[in-house]
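See structure below.
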Number of protein chains: 2
Amino acid sequence: MSSPTSLDSPRGGTRRWEQIAAALRADIASGHFAPGSRLPNESLLAERFGVNRHTLRQAVQALTREGFVNVRQGSGTWVRELVLDYALQKRTRLSENLAEAGERAERELLAQESGRPAGPWAQALKISAGSRIELLYTRSSVRGRPISLSTAAYPSARLAGMAEAFLRERSITAALRSLGVGDYTRLRSSISARLPTPDEADALARPVTQPVLVVNYTNVDAQGVPVEAACTLFAADAVQLQVDTGEALA
Amino acid sequence: MSSPTSLDSPRGGTRRWEQIAAALRADIASGHFAPGSRLPNESLLAERFGVNRHTLRQAVQALTREGFVNVRQGSGTWVRELVLDYALQKRTRLSENLAEAGERAERELLAQESGRPAGPWAQALKISAGSRIELLYTRSSVRGRPISLSTAAYPSARLAGMAEAFLRERSITAALRSLGVGDYTRLRSSISARLPTPDEADALARPVTQPVLVVNYTNVDAQGVPVEAACTLFAADAVQLQVDTGEALA
DNA sequence: TTAAATTTGTGCGTATGTATG
DNA sequence: ACATACATACGCACAAATTTA
């Protein structure tokens, strides 16, 4: 009936609030509403879309369920920083929505080093303290926003060309595959949290008061031989780790 | 235990440094050397044990490998803040987890509330937004040091007496069992990190600059029906989460 | 510390379109 | 054709939480 704005858009369902939710979702995905920013207030948005505030609220509730925004009474509706679910076992949840918007992580090589392992690396890789390792420092971003910093160690004896392979393949998995490690699995992850150093905070484009999730892990090949030992720092406002322990149940 | 273990102890291996390491380990475990405190300097300890400083350093190195202490040149040897490995698995039990580390957790009820679920709780428990829930606020401590705060929700329809049962049984697992929930398993854990609020920091006896690990999870009974939805804050300096993904089960 | 302004949360009532029987 | 039930949408008013001055 009262359709001052175009009802011509077939996207996002037939109901008005679904169309509005789709429009807001697109604005968030496109970066028009940046993560961490506040949406215009409900009255304004309702007016802008030409609907009653109740109708707009239904759209916002949908975005809340999907994890795109957080609504705080008295404060406003905020675009969620927490965008990425990182599955430690399998499974994804929030990312499936973003995958539709073409969400993809970009990983860049910050620095590379090769030398003798300092204590923990050798132990994690189960190699002798004398043998050499390749160290790769990388940063991952989503939509141009830094998400994580990784320091990864590889045994030089087997994976001497990791840095070049990574630069060529643009992916750790592809780089390992090109060096003969067809498949690898994660053994165990150890998770803790701390405040970042100024350098780390800078590389993550975040304040030093924003905690990072520290994940230490080891990847092994099909034979159970360690091929990668790494420590990843996740910006805790942007990444949420998921651990699935429920299996097929009745 | 008021005085440090002396060197007469025959336990802990045949080598002198192994005996000394065992003695120091016992002192740390007993709390004689408190987490976060500094050990006497190496010369003093060597003299106390009647060995050369080189011998003592071997013992300290062993403790370093085991994670009991951190050695900082020019600063001293520091007893590591209580680091408990908390395993996230299908059957996740606080007491069992700590028992493996030779620790015992005390859990106290801070507050109790019963009312209508606010949004997320109802959703996590898969009950209608109108039905009632029991909310239990608890704090867990190890060796008298607070390590975690939990807010747990239970459906009143099935578990109305949770607070009383917990006070009687002194354990969530036992309380649930006494109310007819024989076994339960963890579906999914979602892990994040943030800085604590002043109240939370106070309850954990930590500064507001010390991040907390935030773990959201749901426990279901044998039939897959949710019986507990909870959010636990772990003091990140004391707890490290372990996720095992190595084993292929089922 | 207090008060005002801003913003979301919630309740009431009304009306319309769409299934169902 | 009619009654019923339900989801959608609009309008107004006030409550509650938060921010700001």
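What's counted below: heavy atoms across the whole structure, side chains too, no hydrogens, waters or symmetry copies. Just so we're on the same page: letters track the sequence lines, and every chain starts at 1.
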Phosphate-side-chain proximity, A:Thr55 and D:dC10, N/O vs OP1/OP2 below 4.0 Å: yes

Round to the nearest Å and state the distance from A:Gln58 atom CD to C:dT8 atom P. 17 Å

Minimum-distance pair of heavy atoms, taken over all atoms of A:Gln112 and A:Tyr137: N-CD1, 4.4 Å

Can you say whether a donor on the side chain of A:Arg53 sits under 3.5 Å from an acceptor on the base of C:dG9, or the other way round? yes

With the side chain defined as heavy atoms from C-beta on, A:Asn41 is closest, among C:dT7, D:dG11, D:dT18, to C:dT7

Quick one: look up who D:dT4 pairs with, Watson-Crick or G-U, both distances under 3.5 Å, and put none if it's unpaired. C:dA19

Side-chain donor or acceptor of A:Glu169 paired with backbone N/O of A:Phe166 under 3.5 Å: no

In whole Å, what is the span from the CG atom of A:Asn70 to the P atom of C:dG9? 11 Å

Side chain of A:Ser171, backbone of A:Thr173: donor and acceptor closer than 3.5 Å? yes

Does A:Thr77 place a side-chain N or O at less than 4.0 Å from the phosphate oxygens OP1/OP2 of C:dT8? yes

Please state whether the base of C:dG9 and the side chain of A:His54 form at least one donor-acceptor pair under 3.5 Å? no

Between C:dT8 (P) and A:Trp78 (CH2): distance, integer Å: 10 Å

Taking the side chain of A:Gln73 as heavy atoms from C-beta outward, which of C:dG9, D:dC10, D:dT18 is closest to it? C:dG9

Quick one: do the B:Ser192 and A:Gln240 side chains pair a donor with an acceptor below 3.5 Å? no

With sugar-phosphate meaning primed atoms plus P, OP1 and OP2, does A:Arg57 contact a base, only sugar-phosphate, or nothing at under 4.0 Å between heavy atoms? base

CD of A:Gln61 versus C1' of D:dA7: gap in Å, rounded? 14 Å

Rounded off to whole Å, could you give me the CD-to-C1' distance for the A:Glu47 and C:dT7 pair? 16 Å

Can you tell me how far CZ of A:Arg53 sits from OG of A:Ser43, rounded to the nearest 0.5 angstrom? 5.0 Å

Can you find a side chain N or O atom of A:Arg72 that sits less than 4.0 Å from OP1 or OP2 on D:dT18? no

Could you state the atom-to-atom distance from CG of A:Asn52 to C1' of D:dA9 in whole Å? 7 Å

Between atom CD in A:Glu18 and atom P in D:dA9, what is the gap in whole Å? 8 Å

Calculate the interatomic distance between A:Leu56 atom CG and C:dG9 atom P; express it in whole Å. 11 Å

